Amino acid sequence: MGAQESGERTDETATGGTGRRALLGAAVLGAGGTVLGLGGTARAAEARPGASRPGGGRGLKGLPVPTVIGHRGASGYRPEHTFGAYDLALDLGADIVEAGDLVPTRDGHLVCRHEPEIGGTTDVADHPEFADRERTKLLDGVSVTGWFTEDFTLAELKRLRAIERIPANRPHNTLYDGRWEIPTFEEVLRWQNEQTRKRGKQVWIYPELKHPTYFRKLGLGTEELLARLLRKHGKDKKNSPVIIQSFEPTSIQRMSRLVGNPLAVLLSGANSRPWDFVETGDPRKVADLVTPKGLKEIASYAQGIGPTLDLVIPKDAAGNLTRPTTLVRDAHRAGLILHPYTMRNENPFLPANFRKGNDPDAYGDVFGAFRAYFATGIDGVFTDHPDTGLLAREDFVNG
């Protein structure tokens, strides 16, 4: 998931409201995080762990609901976008692994990094031979200083090692700094095959195209690079276990013409504008895209959306959850699934009424937060802690 994250930042054509898990009414949270005033009852039998979506079928419809997606792997326990994080996400039971955020090298390889700037996720600053590669660039209108993947060949990037991106919140993850190299997406596709054979069940991945407009202007069309790899590995079909996502709607539209994969449009804050809209002069904001009209348009080329959790349940000025919006209902009516982002266990990333103390590394009442979000009827969620997400799902569907 991209830099537009909450708190720090698809499948075969879905049907609308019919045959879908019944949506719960608006939930209002009490001071202790208890969900109050639920209108209607959860049809847990249709959403139990391991259950297929109503109607069965292949592709995403065969995944458990709510789907637990390992955000950049199990990044709550290992440095993100490493095979250590990806392996652990599967070990912990994630239904899908977000492997990975895709950015290109100078010689046209797609690699898995949170952002093209890699000073915060690798040990590049410790390599004197790359000191002269440090640059200040304008990335989607923001001045960023550091080292960028597009200035390195793949061979050069392979000399680097991953480090923990948010050590203040995850000092335990720094134990693994320097252990893993930067994966290429082609390596991820091979890893997916190996893990599917090893584990005896299909492994799903959920790559994201990062800053595609920025890279296209540099002559690095990441959509074409991704489509070429998917075709090469026979994973470019409607039921292929690879969901493609991007914060730029026109990038997803481009992918819909290149491959048959399930697609999802990521949505940041309501008042933000996708960068491709900024570049093309499209005045719309995310708030326009989450209207019934906007969702209907998205459904013409994508199967899902990945909204920030704040678009599902907004927060008040104090950071507490308020009432859910109509986004879940409206998206389902448009035939779209929803996979919001990102659930994390640590206090700073939770709504204020689910925090416990002020320690930035301490866990809050994350199970209460999961319960509130699951009660809205979302189809799944990205989480840095897949094991927590699975336990929360079990609690929710078992009442």
Side-chain angles (χ1 to χ4, degrees), residues 1-2 4-6 10-27 39-40 42-43 46-47 53-55 57 59-61 63-69 95-96 206 208 243-249 251-253 255-256 261-272 274 277 284-314 321-343 370 372-382 396:
M1 197 65 57
Q4 299 94 324
E5 289 185 88
S6 173
T10 2
D11 72 279
E12 301 148 329
T13 302
T15 57
T18 59
R20 213 178 252 287
R21 186 157 51 91
L23 304 183
L24 298 179
R43 292 169 59 186
E46 291 183 338
R53 295 175 185 276
L60 284 182
K61 293 184 179 182
L63 289 168
V65 182
T67 306
V68 174
I69 305 158
D95 302 311
I96 307 176
Y206 212 139
E208 177 190 345
I243 314 164
I244 302 163
Q245 56 182 333
S246 176
F247 278 99
E248 297 188 14
S251 179
I252 293 301
Q253 287 177 288
M255 289 305 304
S256 73
N261 295 72
L263 307 172
V265 174
L266 296 169
L267 300 166
S268 191
N271 290 321
S272 66
F277 285 14
R284 290 178 298 169
K285 297 180 178 181
V286 167
D288 300 301
L289 300 181
V290 296
T291 63
K293 178 182 177 181
L295 293 166
K296 183 178 180 181
E297 179 186 333
I298 290 175
S300 70
Y301 58 85
Q303 290 70 47
I305 57 172
T308 172
L309 287 164
D310 288 344
L311 292 174
V312 178
I313 310 180
L321 291 188
T322 60
R323 288 181 176 273
T325 68
T326 62
L327 178 59
V328 174
R329 181 197 68 193
D330 294 342
H332 284 171
R333 285 179 176 174
L336 295 166
I337 62 170
L338 298 90
H339 291 157
Y341 64 92
T342 303
M343 285 296 296
F370 265 111
Y373 289 117
F374 283 161
T376 66
I378 58 175
D379 300 283
V381 68
F382 287 83
F396 176 70

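As the structure is a prediction and not an experimental result, all values here were calculated from the model.
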Could you measure the distance from the [atom1] atom of [X] to the [atom2] atom of [Y]? Nearest 0.5 Å is fine.
X      : Y      : atom1 : atom2 : result
Leu60  : Gln303 : CG    : CD    : 8.5 Å
Tyr341 : Leu309 : OH    : CG    : 8.5 Å
Phe382 : Glu208 : CZ    : CD    : 8.0 Å
Ile378 : Ile305 : CD1   : CD1   : 11.0 Å
Ser272 : Leu289 : OG    : CG    : 8.5 Å
Leu295 : Arg333 : CG    : CZ    : 11.5 Å

| task | Could you walk me through whether Leu311 and Thr325 pass the side chain to side chain contact (heavy atoms under 4.5 Å, CB included) test, one step at a time? | result | CA-CA 7 Å; Leu311 292 174; Thr325 68; 5.7 Å; no

| query | Considering only heavy atoms from C-beta outward, does the side chain of Val328 approach that of Val312 to under 4.5 Å? | reply | yes

Expected output: side-chain [X] to main-chain [Y] donor-acceptor under 3.5 Å:
X      : Y      : answer
Asp95  : Val68  : yes
Gln245 : Tyr206 : yes
Ser246 : Ile252 : no
Tyr373 : Gly380 : no
Thr291 : Gly294 : yes

Which pair of non-hydrogen atoms, one from [X] and one from [Y], has the smallest distance, and what is that distance?
X      : Y      : answer
Val381 : Phe374 : CG1-CE2, 4.0 Å
Gly377 : His332 : O-CE1, 3.3 Å
Ser256 : Tyr301 : CB-O, 3.7 Å
Arg323 : Pro314 : O-CD, 3.2 Å
Thr322 : Ile313 : O-CG2, 3.4 Å
Pro307 : Leu338 : CG-CD2, 4.4 Å

